[in-house]
Amino acid sequence: MRVCLFEDGGVANLEPLTLTRPVFDLLCGLTSLGEKQCRHFGAGEVGVLVRPELAELYRQERPEVRVNDLAWLRAGPTILVNGRWLPPAARPADGALPCLGMVGDEAAYAVLGPDHLTSCSPNTLGDCLETWKATLPHRPAGGVLVRHLWDVVEHNAGQIALDFVRERAGRPSAPPRSSAPAVIGPPERLWVDPGAHVEPMTLADTTRGPVVIDREAVVAAFSRLEGPCYIGPGTQVLGAKVRSGTTLGPQCRVGGEIEASIIQGYTNKYHDGFLGHSYLGEWINLGAGTHNSDLRNDYGPVTVVAAGRPVATGLTKVGCFLGDHTKTGLGVLLNTGTNVGAFCNLLPGGLLPKYVPSFCSWWNGALTDRADVHRLLQTAATVMQRRGRTLTEAHAVLVRGLFDQTAAERRQALREAELRRLRRSA
């Protein structure tokens with residue numbers, strides 16, 4: 001089956017994570033949204049339609065995938081899948097006939113023949129979807145279309161449990177020579193890859209769901225892992241409390257306490273500090289004593305700025321959302337429902353704002369821009385080299401473009417911050 005994943009206008013509401021990656025690369029459970037979508041349809045060949053600014057880097061990182069390849073797209077019957085779709089557990093109905101799979105009034109997928117795709121491209125996709133909605137039969141797709149990052153976090157625990165049943169249950173776990181954690185709850189819900197290393201004096205609590213420790217992960221003594229949770233490849237858990245509903249992507253360094261959160265990968269939260277109901281990108285460093293609040297003092301619903309406007313989440317527990325290459329200093333305290341863009345630097349001093357656009361610094365109560373992109377790229381190259389990765393020209397082009405793309409948003413935030421400062425000093 002030929003499957004092509006696409007992005008629609010809803011990706012803006014999933015920033016800052018979607019500033020630097022396609023929406024279908026977001027993690028939920030043990031795998032990304034895209035992996036779930038391909039598995040759902042039994043994809044043989046895979047293509048993607050992504051924003052032009054992401055195309056070259058995605059080609060570099062996924063050379064086996066057809067990226068914005070319109071000739072391939074139009075070469076045969078294809079299922080176009082909305083990258084925001086979290087598929088249901090049930091297998092799809094027969095996909096032989098042209099149709100749209102709908103979640104409410106939005107298209108989750110479209111089963112199409114080559115004749116439907118002659119004018120389809122990343123630039124025309126929105127118009128094509130409207131045409132297909134008007135002309136093709138509809139069927140219920142099931143599942144959900146995630147609209148905001150807190151939706152992904154809310155579904156994470158359930159997806160860990162589902163992915164465990166689909167992918168890990170029944171597969172061999174670590175051999176007896178590997179140190180096994182003490183287990184509270186059903187032992188069959190613990191899965192340790194044979195290549196992982198678990199030190200003595202660790203605890204896995206499977207009472208509420210599975211605990212999965214992937215290849216080359218390291219779990220140090222005195223760590224507590226509460227299912228459902230997932231420790232990704234090469235990630236080190238260093239005496240941490242990993243609470244239910246947490247997914248840690250590859251090559252993270254984690255200490256302190258984490259609850260119901262997702263870390264995309266390659267991120268340091270080495271020191272003590274609390275992270276709850278949050279989604280962090282890649283190449284982030286949280287300084288010692290960085291904490292976030294995920295609950296208001298009055299237990300009221302949380303509002304988060306998304307796509308430049310405040311959005312009522314309807315939830316009482318919402319933490320923070322941090323973009324790639326953002327860093328915090330010692331003792332930084334993040335407010336409930338904080339949204340911080342990419343390449344930001346947050347230092348202590350006064351109450352931090354709940355919204356910080358990309359390429360900004362916060363220090364001693366003042367918001368400033370980080371205009372030296374060349375220096376930021378040098379730092380990013382050093383950070384990536386420490387994990388055995390290389391910052392390529394494709395990365396640099398994406399970052400420079402993102403700096404220009406977010407300039408107006410940054411100028412507005414800086415003006416508003418200056419006006420607040422002047423009012424306080426008047």
Side-chain angles (χ1 to χ4, degrees), residues 10-19 23 26-29 32-33 36 82-88 103-106 108 142-163 208-209 226-230 241-249 256-264 269 273-281 284 286 290-323 326 332-341 351-356:
V11 298
N13 291 319
L14 290 150
E15 295 176 0
L17 271 293
T18 52
L19 289 172
V23 65
L26 295 181
L27 295 177
C28 191
S32 68
L33 296 178
K36 289 174 169 56
N82 191 325
R84 297 188 292 114
W85 186 45
L86 190 56
V103 175
D105 60 354
E106 294 187 274
V144 297
L145 280 167
V146 295
R147 291 178 170 83
H148 297 96
L149 288 171
W150 52 88
D151 296 332
V152 186
V153 172
E154 282 292 297
H155 286 287
N156 195 53
Q159 288 297 310
I160 294 172
L162 282 174
D163 288 344
R208 297 170 59 187
E226 298 178 359
C229 72
Y230 172 60
K241 299 183 182 76
V242 180
R243 306 296 191 190
S244 296
T246 295
T247 288
L248 305 177
E257 181 180 5
I258 302 180
E259 179 185 14
S261 295
I262 302 171
I263 301 180
Q264 188 76 17
K269 188 207 169 300
F274 175 71
L275 180 72
H277 292 84
S278 299
Y279 198 142
L280 272 56
I284 291 170
L286 301 186
T290 295
H291 299 265
N292 85 284
S293 166
D294 62 0
L295 180 68
R296 288 172 38 158
N297 286 349
D298 62 0
Y299 296 83
V302 180
T303 297
V304 178
V305 174
R309 60 185 178 85
V311 177
T313 67
L315 302 171
T316 57
K317 282 210 165 188
V318 181
C320 63
F321 309 102
L322 307 184
T326 281
V332 164
L333 304 178
L334 299 170
N335 213 332
T336 316
T338 291
N339 186 317
V340 179
L351 183 65
L352 271 71
K354 290 184 61 174
Y355 170 66
V356 179

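Heavy atoms only: backbone and side chains are in, while hydrogens, waters and symmetry mates are out. Nothing here was measured: the structure is a model prediction, and the numbers come from that model.
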Handout entry: Minimum heavy-atom distance between E259 and F274, given as atom pair plus value
Key = OE1-CZ, 3.7 Å
Problem - Step-by-step side chain to side chain contact (heavy atoms under 4.5 Å, CB included) determination, L333 to H291 - result: CA-CA 5 Å; L333 304 178; H291 299 265; 4.1 Å; yes
Fill in the blank from the handout: So CG of L162 and NE2 of H155: to nearest 0.5 Å the spacing works out to 11.5 Å
Problem - Polar side-chain atom of T247 near backbone of G29 as donor-acceptor pair, under 3.5 Å - result: yes
Problem - Distance-minimising heavy-atom pair for L27 and V152 - result: O-CG1, 3.3 Å
Practice task
Please answer whether the main-chain N or O of K317 pairs with a side-chain N or O of D294 as donor and acceptor at a distance below 3.5 Å.
Solution key: no
Handout entry: Any L26 side-chain heavy atom under 4.5 Å of L149 side chain
Key = yes
Handout entry: pair S244-C229: side-chain heavy atoms closer than 4.5 Å
Key = no
Exercise for the section: Would you check if the side chain of Y355 reaches a backbone N or O of G308 as a donor-acceptor pair within less than 3.5 Å? Expected result: no
Handout entry: Counterpart residues, salt bridge (Lys or Arg N to Asp or Glu O under 4.0 Å), relative to E257 (two or more places apart)
Key = R243
Handout entry: Shortest non-hydrogen separation from N292 to G276 and the atoms involved
Key = OD1-N, 2.8 Å
Handout entry: Whether T338 side chain and T336 backbone form a donor-acceptor pair below 3.5 Å
Key = no
Exercise for the section: Report yes if some heavy atom in the side chain of L33 is under 4.5 Å from a heavy atom in the side chain of V146; otherwise report no. Expected result: yes
Exercise for the section: Any chance you could lay out the side chain to side chain contact (heavy atoms under 4.5 Å, CB included) test for L248 and I258, step after step, and finish with the verdict? Expected result: CA-CA 10 Å; L248 305 177; I258 302 180; 4.0 Å; yes
Exercise for the section: Report yes if the side chains of E106 and N82 come closer than 4.5 Å at any heavy-atom pair, otherwise no. Expected result: no
Practice task
Keeping the roles fixed (side chain from T316, backbone from P301), state whether a donor-acceptor pair exists under 3.5 Å.
Solution key: no
Practice task
Could you tell me the separation between the NZ atom of K269 and the CG atom of L275, rounded to the nearest 0.5 Å?
Solution key: 6.5 Å
Handout entry: Side chains of L334 and L352 in contact at under 4.5 Å (non-hydrogen atoms)
Key = yes
Handout entry: Sequence neighbours excluded, every pair satisfying side-chain hydrogen bond (donor to acceptor under 3.5 Å, both in side chains) that has a member inside residues 298-313
Key = R296-D298
Handout entry: Heavy-atom closest pair, residues Y279 and Q264
Key = OH-OE1, 2.5 Å
Fill in the blank from the handout: Rounding to 0.5 Å, atoms OG (S261) and CZ (F321) come to a distance of 9.0 Å
Problem - D151 versus R147, closest heavy-atom pair with distance - result: OD2-N, 3.0 Å
Practice task
Without swapping roles, check the side chain of T246 against the backbone of V242 for a donor-acceptor pair under 3.5 Å.
Solution key: no
Problem - V23 side chain reached by T18 side chain, heavy atoms, under 4.5 Å - result: yes
Handout entry: P353 backbone acceptor or donor facing N335 side chain under 3.5 Å
Key = no
Exercise for the section: Test side chain to side chain contact (heavy atoms under 4.5 Å, CB included) on V304 and H148 and set out the steps. Expected result: CA-CA 10 Å; V304 178; H148 297 96; over 6 Å; no
Exercise for the section: First locate atom CG of L86, then atom CD of Q159, and finally report the distance between them rounded to the nearest 0.5 Å. Expected result: 4.0 Å
Problem - Distance-minimising heavy-atom pair for K36 and D163 - result: NZ-OD2, 2.7 Å
Problem - Qualifying residue for side chain to side chain contact (heavy atoms under 4.5 Å, CB included) with L286, from I263, T326, L280 - result: L280
Exercise for the section: Examine distances only and state if a side-chain atom of N339 and a backbone atom of V305 form a donor-acceptor pair shorter than 3.5 Å. Expected result: yes
